[in-house]
Amino acid sequence: MRMLHTMLRVGNLQESLKFYCDVLGMKLLRQKDYPDGKFTLAFVGYGDESDHTVIELTYNWGVERYDLGNAYGHIALGVDDIYTTCEEIKARGGKVVREPGPMKHGSTVIAFVEDPNGYKVELIQLGTQGSAPTSSESQPETVASK
């Protein structure tokens, strides 16, 4: 078994495609309208679905907004240079909602950006994740503590 995709419901497909493709650098892999069901599916990612996990953006025609709830956390992307990546995201009109730096209670370097629907995307500096905490950082890592 392997992960295939994560589905996000979006209120404006074109805004979401612009964010994931133009701001985060993903490619639109496929898109299809389903007129009988009144929805459109668009799949985006960094590589072909045959060997990469991708994101499915689901647009239900006429639905412009969703309540995100408090159970959903975020999507995570590994990056080589988090500081440059955040500057590039801002230059392309993206919204950085947590500037790069070490996570609370740990040494993994992270940042957060937000898509047009309010979904969070965590950026993780590759090579820093899973670093052993010091004795003063012995709290277990949770989404709420990041």
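Taking the ring centroids of H74 and Y119, they lie at or beyond the 6.0 Å cut-off. Between H52 and Y46, the distance separating the two ring centers is not shorter than 6.0 angstrom.
Annotation for K120: atom NZ counts as buried by contact number, over 12 foreign heavy atoms lying within 6.0 Å. At most 12 non-hydrogen atoms from other residues, nucleotides or ligands lie less than 6.0 angstrom from CG of D80. D51 CG: more than 12 foreign heavy atoms inside a 6.0 Å radius. Residue-environment remark: CZ (R65) stays at or below the threshold of 12 foreign heavy atoms within 6.0 Å.
No side-chain donor-acceptor contact under 3.5 Å links Y66 to the backbone of G69. Between the side chain of E122 and the backbone N or O of F112, no donor-acceptor pair lies under 3.5 Å. With hydrogens and angles disregarded, a donor-acceptor distance shorter than 3.5 Å links the side chain of T128 to the backbone of Q125. Side-chain N or O atoms of T53 include none that pairs as donor or acceptor with a backbone N or O of L4 at under 3.5 Å. Here the side chain of T58 pairs no donor or acceptor atom with the backbone of L41 at under 3.5 angstrom. Put simply, the side chain of D33 never gets that close to the backbone of P35: no donor and acceptor are under 3.5 Å apart.
Between the CG atom of L29 and the NE2 atom of H5 there is a distance of 12.0 Å, given to the nearest 0.5 Å. For the atom pair K38 NZ and Y59 OH, the distance stands at 12.0 Å (nearest 0.5 Å). A distance of 11.5 Å separates CD in E87 from CZ in R92, rounded to the nearest 0.5 Å.
The heavy-atom pair separating C86 from L123 by the smallest distance is SG-CD1, 3.9 Å. Of all heavy-atom pairs spanning I110 and M103, the tightest one is CD1-CB, 3.7 Å. Taking every heavy atom of both residues into account, F19 and V113 meet most closely at CZ-CG2, 4.1 Å. Heavy atoms only, all atoms of each residue included: A42 and L28 are closest at CB-CD1, 4.0 Å.
Side-chain contact between I55 and F43: absent, with no pair of heavy atoms (C-beta onward) separated by less than 4.5 Å. At least one side-chain heavy atom of L77 sits under 4.5 Å from a side-chain heavy atom of M26. In this structure, T40 and Q31 have side chains that are in contact, with non-hydrogen atoms separated by less than 4.5 Å. Side-chain contact between L8 and I75: present, with at least one pair of heavy atoms (C-beta onward) separated by less than 4.5 Å. Using a 4.5 Å cut-off on side-chain heavy atoms (C-beta onward), V79 and I124 make no contact.
Of the charged side-chain nitrogens involved, at least one lies within less than 4.0 Å of a carboxylate oxygen, so that E99 and K90 count as a salt-bridged pair. Looking at E49 and R30, a side-chain N of the basic residue comes within less than 4.0 Å of a carboxylate O on the acidic one, giving a salt bridge.
Connection of V109 to I89 is established within a shared hydrophobic cluster, with ILVMFWY side chains joined at heavy-atom distances below 4.5 Å, either directly or through further cluster members. Clustering ILVMFWY residues whenever any of their side-chain heavy atoms sit less than 4.5 angstrom apart, transitively, puts V10 in the very cluster that holds W61. Note on L17 and Y20: same hydrophobic cluster, where clusters join Ile, Leu, Val, Met, Phe, Trp and Tyr whose side-chain heavy atoms are under 4.5 Å apart, directly or indirectly. Note on V121 and Y83: same hydrophobic cluster, where clusters join Ile, Leu, Val, Met, Phe, Trp and Tyr whose side-chain heavy atoms are under 4.5 Å apart, directly or indirectly.
For the 3.5 Å distance criterion, the side chains of Y34 and N60 fail to qualify, holding no donor opposite an acceptor. Defined by atom type and a distance below 3.5 Å, a donor-acceptor pair is present between the side-chain atoms of N117 and S16.
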